[in-house]
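Below is one structure, written out as structure tokens, with a few remarks after it.
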Amino acid sequence: MHRDEIPPGTLYLLILRTLARSGEMHGYEIANSIQRISHDVLQVEEGSLYPALQRMLIKGWVTAKWGTTAGNRRARYYQLTAAGRKQLDVEMSQFERVIGAIARVIEAV
Amino acid sequence: MNWLAKFARRLRMLIHRQQFDADLEEEMRLHLELRQEEQLQSGMTADEARAAARRGFGNTMYLKEESHIAWGWEWFENLGHSELFEQVSAIWPVSTALTGGERVERIEMLGTSPSYFELLGANASLGTVYKQADWVPGFLDGVVISDGLWKRSFGADPRVIGRRVRVDEDGYTIIGVMPADFRHPGKTLNGDVEMYPSIIR
């Protein structure tokens, strides 16, 4: 099955939204969740995921703490902060504005 | 976003760099292992699964390198090399991917404090530079580029001012182009600095 890469600029939005829905997740769960919910269309490259999570830590949008997986392995769990929730709203409205604009352009006759 | 909190967080991470390295390595190892298991369950042989899991990751060393850059280690390691600037103007060089020019390319970027150009007494040859007075808590959107990048990536187009560019996941607006003979007087990573954002954002 062909899988598209995440369009540039939307990775933050997808991670923020995924964490907002699920509370706490480690990196692998985040990547899998995005892939599953998008019916395998969106594939998060691990090479983008971890640097993005680092930047989100710096920006204060997420916090991370070590925990244990169901399979009893140590994993780093990420969680949204209040600033992260605020950023999600910002990214959502940006996304809607851009998608709306693109739709208008391609539907124009 | 409180820039001071952000700075403190960055500093804390820098101080605990070894721990951070170990954490990142463990996190990436878990990711590889979980992917491998998933692929084994889907009927791949062990060798195939290992190869496929690694493919998803790209080069592990390179990935770690990228994550360091995200945290700004270089900036920390450069402390003491150009003391004047550290005392008065925070600087933070990174190597990063620029999109928005004629092609995606790897450039050297130097995060500076808003007072950087004033301290050097330097001005743009096209457009303008940011100043301390422009400082706002949180975000400085404007970015200054080098003459070299302007010629190479933007075809020396004078209409480059106001153009949006993207560096990794962050968007900026080009506000100025520096003169051809302007160089960052401190240490750089690989070559000349080609983009000057303000790090207090």
Side-chain angles (χ1 to χ4, degrees), chain A residues 1 3 5-16 25-32 35-36 43-78 81-84 86-87 90-91 94 98, chain B residues 1-14 19-20 22-38 53-60 62-73 94 96-97 99-100 104 138-139 164 166-171 199 201:
Chain A
M1 159 128 207
R3 286 184 299 192
E5 283 182 26
I6 307 284
T10 52
L11 183 56
Y12 283 155
L13 171 61
L14 295 173
I15 296 173
L16 289 168
M25 276 185 158
H26 58 70
Y28 187 74
E29 288 176 326
I30 295 171
N32 259 6
Q35 195 173 317
R36 199 186 58 246
Q43 177 181 21
V44 185
E45 289 283 335
E46 292 87 342
S48 327
L49 175 65
Y50 289 97
L53 285 169
Q54 305 309 325
R55 285 195 290 271
M56 293 168 77
L57 277 168
I58 298 176
K59 289 167 191 277
W61 298 346
V62 295
T63 53
K65 67 171 198 289
W66 286 94
T68 315
T69 67
N72 210 21
R73 282 147 116 164
R74 246 166 68 83
R76 185 146 59 166
Y77 285 89
Y78 294 87
T81 61
K86 234 191 269 171
Q87 188 62 28
V90 172
E91 304 267 338
Q94 268 173 7
V98 171
Chain B
M1 174 78 243
N2 179 342
W3 69 268
L4 196 61
K6 180 167 159 179
F7 182 79
R9 212 169 21 248
R10 199 193 295 281
L11 200 62
R12 206 161 46 237
M13 291 312 296
L14 291 167
Q19 185 56 49
F20 175 78
D23 283 351
L24 186 63
E25 206 164 297
E26 185 171 351
E27 190 173 37
M28 295 193 305
R29 199 168 48 235
L30 176 73
H31 198 116
L32 277 172
E33 285 170 8
L34 291 174
R35 172 126 306 160
Q36 240 167 282
E37 280 165 24
E38 181 193 280
R54 289 211 177 275
R55 258 201 311 281
F57 242 113
N59 181 322
T60 318
Y62 180 68
L63 177 62
K64 271 177 68 182
E65 201 61 27
E66 290 270 291
S67 290
H68 277 172
I69 288 163
W71 280 105
W73 305 127
V94 297
T96 190
T99 35
V104 177
F139 210 103
R164 295 290 296 167
R166 183 168 283 283
V167 174
D168 291 335
E169 290 288 318
D170 297 312
I199 52 169
R201 44 177 302 170

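Within every chain, numbering begins at 1; the chains are lettered A, B, ... in the order of the sequence lines, protein sequences first and strands thereafter.
- The CG atom of N32(A) sits 8.5 Å away from the CG atom of L34(B) when rounded to the nearest 0.5 Å.
- Only the side chain of A31(A) comes within contact range of chain B, with at least one heavy atom under 4.5 Å from a heavy atom of that chain.
- The OH atom of Y28(A) sits 11.5 Å away from atom CD of E33(B), with the distance rounded to the nearest 0.5 Å.
- Note on E37(B) versus R73(A): salt bridge recorded, some NZ/NE/NH1/NH2 to OD/OE distance being below 4.0 Å.
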